[in-house]
Amino acid sequence: PDRPGILKIVSGEGDITISGYSGREVRIKVTSTGGKTVAPEEDPKAKGLKRISGTGFSIMTDREANAVLITRPMDDTTELDIQVPFATSLKIGGVSTKDAADIQNIVINSVTSSILGFTGGAFEGDIKIQNVNGELEISTLDGDISLTNVSGAAVVNCIDGDIAAVFRVIPENRPMAFS
């Protein structure tokens, strides 16, 4: 916990708020605002299909990498309010498939890429990040992205929404991109 941490969030819908604080733990508050699922017997496209388990909300940790991975269900709106130590890098949305530690990332990325042309992500909902010092890789399909009082390199992608960023410190010789 004394090393800088990594927080990764992939998939799902709902707002994400991340705030840095002086503690050593990742604190997560989850609020489900209701699913959009249709019972299989009511959906003609689902006739004869079975739901595969493990498609819901999950939290995984990797002590070696000092990382936390959160996945959210695709058929439910799940709001996340998270507190992280100040020195935490964030990867929200498109997660690299070279990250072999999480086979789930590879599956999510390949499915969403083939269906939507979008590699992972918080599909709908606003992303608000404040008081964090670390590398930021943020991608969303539909929602605004707000960075407040952050420092570190940032790569931010938003398909349908606004991006607002206020940096405390801008790193020298580090690439940054906003699109």
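- With contacts defined as side-chain heavy-atom distances shorter than 4.5 Å, the pair Ile82/Ile70 qualifies.
- A pairwise comparison of heavy atoms in Asn131 and Val150 identifies N-CG1, 4.4 Å as the closest pair.
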Output a table of donor-acceptor pairs, distance under 3.5 Å, between side-chain atoms of residues 158-173 and any protein atom two or more places apart or on a different chain; print 'none' if there are none.
unit_1: Arg168; atom_1: NH1; unit_2: Asn149; atom_2: O; d: 2.9
unit_1: Arg168; atom_1: NH1; unit_2: Asn149; atom_2: OD1; d: 3.4
unit_1: Arg168; atom_1: NH2; unit_2: Ser151; atom_2: OG; d: 3.2

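- Across all non-hydrogen atoms, the minimal contact from Val26 to Pro85 is CG2-CD, 4.4 Å.
- Remark: Arg174 engages Glu135 in a salt bridge (Lys or Arg N to Asp or Glu O under 4.0 Å) (not counting sequence neighbours).
- Residues forming a side-chain hydrogen bond (donor to acceptor under 3.5 Å, both in side chains) with Glu79 (at least two apart in sequence, or on another chain): none.
- Of all the heavy atoms in Ala154 and Phe178, the pair that sits closest is CB-CZ, 4.1 Å.
- Considering only heavy atoms from C-beta on, Val132 comes within 4.5 Å of Val84 through its side chain.
- With rounding to the nearest 0.5 angstrom, the CG atom of Asp62 is 10.0 Å from the CG atom of Leu69.
- Asp144 places no side-chain N or O within 3.5 Å of a backbone atom of Asp126 that could act as its donor or acceptor partner.
- Two different hydrophobic clusters hold Ile28 and Tyr21 under the rule that ILVMFWY side chains link at heavy-atom gaps under 4.5 Å.
- With rounding to the nearest 0.5 angstrom, the CG atom of Leu7 is 12.5 Å from the CD atom of Gln83.
- In terms of modelled atom types and a separation under 3.5 Å, the side chain of Arg72 and the main chain of Leu80 share no donor-acceptor contact.
- With a 4.5 Å cut-off on side-chain heavy atoms, Val156 and Leu136 do not count as touching.
- To the nearest 0.5 Å, atoms OG1 (Thr78) and CD1 (Ile9) are separated by 11.5 Å.
- Atom-to-atom distance recorded for Ile138:CD1 and Ile145:CD1 is 6.5 Å, nearest 0.5 angstrom.
- A single hydrophobic cluster is not seen to contain both Ile59 and Ile6; linkage of ILVMFWY side chains at heavy-atom distances under 4.5 Å, directly or through other members, places them apart.
- Considering only residues two or more places apart in sequence or on other chains, Gln130 meets the side-chain hydrogen bond (donor to acceptor under 3.5 Å, both in side chains) condition with Ser19.
- The CD1 atom of Ile18 sits 5.0 Å away from atom CD1 of Ile129, with the distance rounded to the nearest 0.5 Å.
- Remark: Ser179 pairs with Asn157 by the side-chain hydrogen bond (donor to acceptor under 3.5 Å, both in side chains) rule, at least two apart or across chains.
- Take Ala87 and apply the side-chain contact (heavy atoms from CB on, under 4.5 Å) test, not counting sequence neighbours, and it matches Pro4.
- The shortest non-hydrogen separation linking Glu64 to Arg3 is O-NH2, 2.9 Å.
- With values rounded to the nearest 0.5 angstrom, Ser89 atom OG is found 10.5 Å from Asn66 atom CG.
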